[in-house]
Amino acid sequence: MKSVITGVAGFIGSHLAEKLLGLGHEVVGVDKFLDNYAREFKDSNLSQFAKHPSFKFINDDLVNIELHQLLNQTDYIFHLAAQPGVRSSWGEEFSHYSHNNILATQLLLEACKQVKVRKFVYASSSSVYGDTDDLPMRESGGTRPVSPYGVSKLAAEHLCYLYWKAFGIPTVSLRFFTVYGPRQRPDMFFHILMRRLLVDEEIPLYDDGKQSRDFTYCADIVDGLTAAAFYPGSGDVFNLGGGGEITLLNAIKLVEKVSGRKAKLKRFDRQRGDVRRTRASLGQAKKKLGYKPLVSLDEGLARQWEWISAMGK
Ligand code: NAD
Ligand code: UGA
């Protein structure tokens, strides 16, 4: 089996590469080392499997690559490359979001018309829902993103559906809910919180701390990704959540317990682009993918703390 992973040097892509190599796949990973965060994190992610005999790395922008060649003889495409981050997607930054999230996806889908892949799995986002009181968020519910990032992820999701409908490309979109665990991006909350606990610095807390998230452990997301590749259907959209909802203040208490340290919080206003609550309905993913999140928040946070502590200050 040959799999292509876009965004392979990133947080989630690197975990997926390890799982697929473990399953015996030949993996071709693409990443352009976007400067959304320090290169050293991405180098470290890649170093975990870069020397595996079944792994090949292409350091380039998807928009510049000869995509037909890349996809030749490919069974599965896992399209994770993107400019992530909701709060940073306003203003001039949006051109990067449209390039990396929309244009790159459209080019990849175009290239799929000339090859025969078994599945094209797209990493979508809970941010496509926006603010809603209709919880849990269901795939059949409305989508009204509140950040330009969410708009870009929804646009790419629509492109996946279109190319399935018009050209029969077997796409499936997975809406990930705030993913955490070892290698989490340094702009995400648990990473910031743990690093600052380690060096005894103040932690920026946006809004009142009563906003909530359905946090999802990275290994559960990776299980959802492979299940979506191997299930017999296509043209679907599935939520991948952690199975719970917790306020930020309660999540901070869990991290304090895991780390044995006390957080010094510094309050800031609610940030534009942030949603107030997320909670995933998992019925569809359970029914069609057999998806079941296995790692509790306590356990997942303990593993992330262990990783961040091992990295040192
Ligand atoms: P990440 O930034 O760690 O990884 C994304 C990788 O894609 C980066 O290494 C970047 O260099 C690469 N990339 C970006 N544009 C590229 C391009 N044009 N060509 C080649 N490489 C490119 O992010 P992540 O947190 O691992 O997220 C992975 C995917 O999951 C993204 O699509 C993101 O939108 C989605 N997602 C993430 C979360 C989360 O909580 N982390 C939640 C919902 C959805
Ligand atoms: C995360 C990812 O960053 C997005 O890429 C992804 O698409 C999205 O999940 C998703 O589920 O679709 P977010 O939920 O904002 O976005 O995750 P964090 O960046 O970890 O933020 C979680 C909460 O912590 C937010 O309410 C945020 O306002 C808050 N926060 C973040 C702070 O209070 N302080 C900070 O310094 C950072």
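Note that the structure is predicted; figures quoted are calculated from it, not measured. We count ligands from 1, going down the list as the structure has it; atoms in each ligand are counted the same way.
- Nearest protein heavy-atom contact of atom 37 (C) of ligand 2 is Y206 CE1, 3.6 Å.
- Aromatic pair F33/F57: ring centres closer than 6.0 Å.
- Ligand 2 has a nitrogen or oxygen under 3.5 angstrom from a nitrogen or oxygen of P204.
- Closest protein heavy atom to atom 18 (P) of ligand 2: F189 N, 3.7 Å.
- Among the atoms of K153, some N or O lies under 3.5 angstrom from an N or O of ligand 1.
- Considering backbone and side-chain atoms together, S125 places an N or O closer than 3.5 Å to an N or O of ligand 2.
- At the top of the distance list for atom 28 (O) of ligand 2, counting protein heavy atoms only, stands D274 OD2, 2.5 Å.
- Between F41 and F11, the distance separating the two ring centers is not shorter than 6.0 angstrom.
- Counting atoms of ligand 1 from 1 in the listed order, those under 4.0 Å from a heavy atom of F33 are 11 (O).
- Look at Y180 and you'll find every heavy atom at least 4.0 Å from all atoms of ligand 2.
- Look at Q271 and you'll find every heavy atom at least 4.0 Å from all atoms of ligand 2.
- Closest to atom 1 (C) of ligand 2 among all protein heavy atoms lies M188 CE, 3.7 Å.
- Protein heavy atom in closest approach to atom 37 (C) of ligand 1: I12 CD1, 3.9 Å.
- With hydrogens left out, the protein atom closest to atom 10 (C) of ligand 2 is S126 OG, 3.2 Å, a heavy atom.
- The protein heavy-atom contact nearest to atom 3 (O) of ligand 2 is R185 NH2, 2.8 Å.
- The protein non-hydrogen atom at the shortest distance from atom 16 (O) of ligand 2 is T178 OG1, 4.3 Å.
- The nearest protein atom to atom 14 (C) of ligand 1, hydrogens excluded, is given as A82 O, 3.3 Å; this is a heavy-atom distance.
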